[in-house]
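A short write-up of the structure that comes next.
Throughout, a chain's letter reflects where its sequence line sits, starting with A, and its residues are numbered from 1. Quick caveat: nothing in here was measured; it's all calculated off a predicted structure.
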Amino acid sequence: MTRRVSTRLMNICVASLCRARRVDAAERVVADGIRLGCLPDVVTYNTLVAAYCRLVGVDAAYSVLHRMREAGLHPNVVTYNSLIAGSARGRRLPLSLDLFEELLRVGLSPDVWTYNNLMHCLFRSGCPDHALRVLMSMESANLAPSSATYNILINDLCKRGAARDALRLFRYLERVGFPRDLVTFNTLIDGLFKSGRFGTARRLFWELLGSGRAPNVVTYTTMMKGCFRSRRFEEGLTMLGEIRRAGCRFDAFAYCNVISVLIKMGKMEAASDFVEEMIAQCGVLDRVCRNTQINLCFKLGKMDDGLDLLNQVDEIDGYTVSILVDGLCRNNRFLGAYNLLKSMATTGTWSNLVPYNCIIGALCKQGKVESMNFAMMLFSEMERTDSFTYASLLHGLCKLGRFLEAFRIMMAGVRKGVRLPTSVQRAVLTGLRLSRHKLHARKLSAPSSQVPGKAGSESRSGLAWADPNLDRDRIGDPAVLRD
DNA sequence: CTAGGGTTAG
């Protein structure tokens with residue numbers, strides 16, 4: 001009896017440590033328990049399996065499974081559900097299917113969560129048809145779908161750009177009186193924002209408020225990001241204020257969200273305040289939090305502080321490298337940035353697209369011939385490029401009046417399927433047209449016979465910067481063309 | 001135990 005009670009106590013302790021992402025501490029509690037004769041049970045192991053799946057990965061969770069079996073305990077549905085959820089998160093479709101089969105083989109019966117997780121994995125792995133088949137087999141197994149089932153469905157529809165269908169499903173659930181929870185609302189609001197339907201998203205937010213349900217941090221940060229996305233800055237900041245007013249607790253996710261938005265808006269003091277608060281509130285900062293923190297240091301020009309932070313950690317990811325490369329470029333340390341990027345090839349397995357784009361973007365902004373040439377050299381050695389790469393290069397070339405070169409690169413990019421903003425395309429084409437014109441004019445007429453007024457008014461009609469929708473700074477200095 | 005929200009380049 002005493003053993004049972006102490007195991008339950010240990011489980012509560014392990015669970016709360018896992019919730020706080022402190023798996024190591026949880027493991028120590030279990031080890032101490034065993035030493036003191038308090039044996040872990042299925043719940044203990046399941047808690048650990050779930051934590052490893054969530055915080056590390058399925059493979060790490062398998063080692064717990066192993067220990068569990070060694071202790072003579074059999075995994076149950078909960079164990080399998082966590083593992084399937086973990087493989088869904090890692091898009092490990094074959095693994096999740098194996099787990100499902102194994103579950104059936106050992107004589108366990110799947111529950112709603114099993115089906116939900118499997119369906120989720122199929123959706124995430126790009127197999128919507130199979131996912132829907134799982135939904136149907138769930139029905140034939142006489143298992144009633146939960147709100148999570150529909151949330152997964154709605155989420156998938158949103159991710160595939162079918163927010164309209166997601167909304168339809170949402171309305172259907174409303175009509176038949178199926179309970180929709182906060183996650184349903186949050187998922188759909190986010191999906192609507194991402195498909196550009198600002199008004200509908202905002203109406204849904206009001207509907208949520210009207211339904212008497214209390215929004216959470218997720219709702220507010222989703223609204224905030226959605227507002228910024230559609231350039232409604234005031235409303236976005238209002239949402240930020242609402243998080244505090246509603247008494248929502250910020251977690252690491254919310255902090256990083258808010259801080260990155262503030263940095264992008266140039267509200268550096270506010271961003272710094274939130275970083276301080278994050279450090280005070282979140283305890284041990286995870287990788288993303290630290291990246292956010294380092295990013296702020298670099299954006300503030302505090303290179304040394306950023307590098308100090310960097311030295312304190314041993315796990316670096318692609319984001320960290322990008323942030324660092326960007327920070328170096330902002331301080332004109334291009335060679336350092338380039339060397340770092342090159343060292344990535346040997347140390348990391350991440351894509352170097354963003355770091356390359358950072359360097360090229362910064363070089364092109366300089367408007368110097370030698371910088372531009374360096375940028376072109378980098379461009380030629382990139383194995384993967386995207387519209388950022390092209391936009392930076394074309395911008396830089398136009399700035400230097402190298403329109404023909406820009407045009408050729410643009411056409412090569414277009415042939416490769418790169419989608420460029422129309423403003424960039426127009427800048428190149430107008431520049432090319434104008435420089436040809438200029439060459440022509442120079443050949444035809446003697447300088448003395450030129451009528452300045454005429455030339456000016458004629459060219460203005462075809463000038464890219466006469467377009468009010470166009471950002472003048474993106475095209476470069478018109479003086480370059482005029483001379 | 002599951003579903004939803006986080007970090008980089010313009």
Side-chain angles (χ1 to χ4, degrees), chain A residues 15 18 43 46-47 49-51 53-54 76-86 88-89 111-121 123 146-156 158-159 181-191 216-226 250-261 263-264 278 285-296 298-299 317-327 329-330 350-362 364-365 386-392 395 421 424 471 473-474:
Chain A
C18 286
V43 176
N46 279 352
T47 311
V49 166
C53 278
R54 170 174 280 283
N76 61 14
V77 199
V78 175
T79 326
Y80 281 102
N81 285 350
S82 294
L83 289 169
I84 295 175
R89 211 171 286 124
D111 62 10
V112 192
W113 282 330
T114 322
Y115 283 104
N116 284 350
N117 292 341
L118 194 60
M119 197 172 84
H120 183 216
C121 190
F123 273 135
S146 64
S147 55
T149 314
Y150 288 111
N151 292 344
I152 295 169
L153 220 54
I154 286 176
N155 184 243
D156 180 70
C158 289
K159 290 281 182 308
D181 57 18
L182 190 55
V183 176
T184 326
F185 277 88
N186 289 349
T187 308
L188 191 53
I189 289 175
D190 188 53
N216 62 5
V217 214
V218 178
T219 324
Y220 287 119
T221 46
T222 304
M223 285 301 294
M224 183 185 70
K225 289 198 90 171
F250 279 77
D251 58 9
F253 283 80
Y255 277 117
C256 294
N257 231 327
V258 168
I259 293 164
S260 74
V261 163
I263 290 175
K264 283 195 180 114
M278 179 175 78
L285 300 188
D286 69 8
R287 220 172 357 90
V288 179
C289 292
R290 281 196 317 265
N291 282 341
T292 307
Q293 193 188 0
I294 293 172
N295 184 31
L296 178 66
F298 286 155
K299 289 283 170 8
D317 63 8
Y319 284 101
T320 326
V321 176
S322 300
I323 290 166
L324 187 54
V325 165
D326 178 59
C329 288
R330 280 170 201 270
W350 324 289
S351 155
N352 55 18
L353 176 65
V354 175
Y356 260 116
N357 281 350
C358 287
I359 305 181
I360 288 182
C364 291
K365 247 203 280 193
D386 67 358
S387 62
F388 281 134
T389 328
Y390 279 87
S392 301
H395 178 203
V424 175
D471 184 359
D473 294 332
R474 293 184 68 86

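- Counting to the nearest Å, the P atom of B:dT8 and the CG atom of A:L353 are 15 Å from each other.
- Counted by atom type alone, A:T79 and A:N76 present one or more donor-acceptor pairs between their side chains at under 3.5 Å.
- For the salt bridge (Lys or Arg N to Asp or Glu O under 4.0 Å) test, no residue two or more places apart in sequence or in another chain qualifies with A:D251.
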Subject >> Protein-to-nucleotide contact annotation, 5' to 3' order, nucleotides 2-7 of chain B [B base; S sugar-phosphate only; - none; under 4.0 Å, heavy atom] >> reply: BBBBBB
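- Judged as a salt bridge (Lys or Arg N to Asp or Glu O under 4.0 Å), and not counting sequence neighbours, the contacts of A:D317 are A:R287.
- Under the 3.5 Å distance criterion, the side-chain polar atoms of A:D386 are matched with a main-chain donor or acceptor of A:T389.
- Going from atom CD1 of A:I84 over to atom P of B:dC1 covers 17 Å, rounded to whole Å.
- A:N151 and A:D181 form a side-chain donor-acceptor contact under 3.5 Å, judged by distance and modelled atom types alone.
- Using a 4.5 Å cut-off on side-chain heavy atoms (C-beta onward), A:I263 and A:I259 make contact.
- No engagement by A:N76 is indicated, since no non-hydrogen atom pair under 4.0 Å with the nucleic acid exists.
- Taking side-chain N and O atoms only, A:R330 has no distance below 4.0 Å to OP1 or OP2 of B:dT8.
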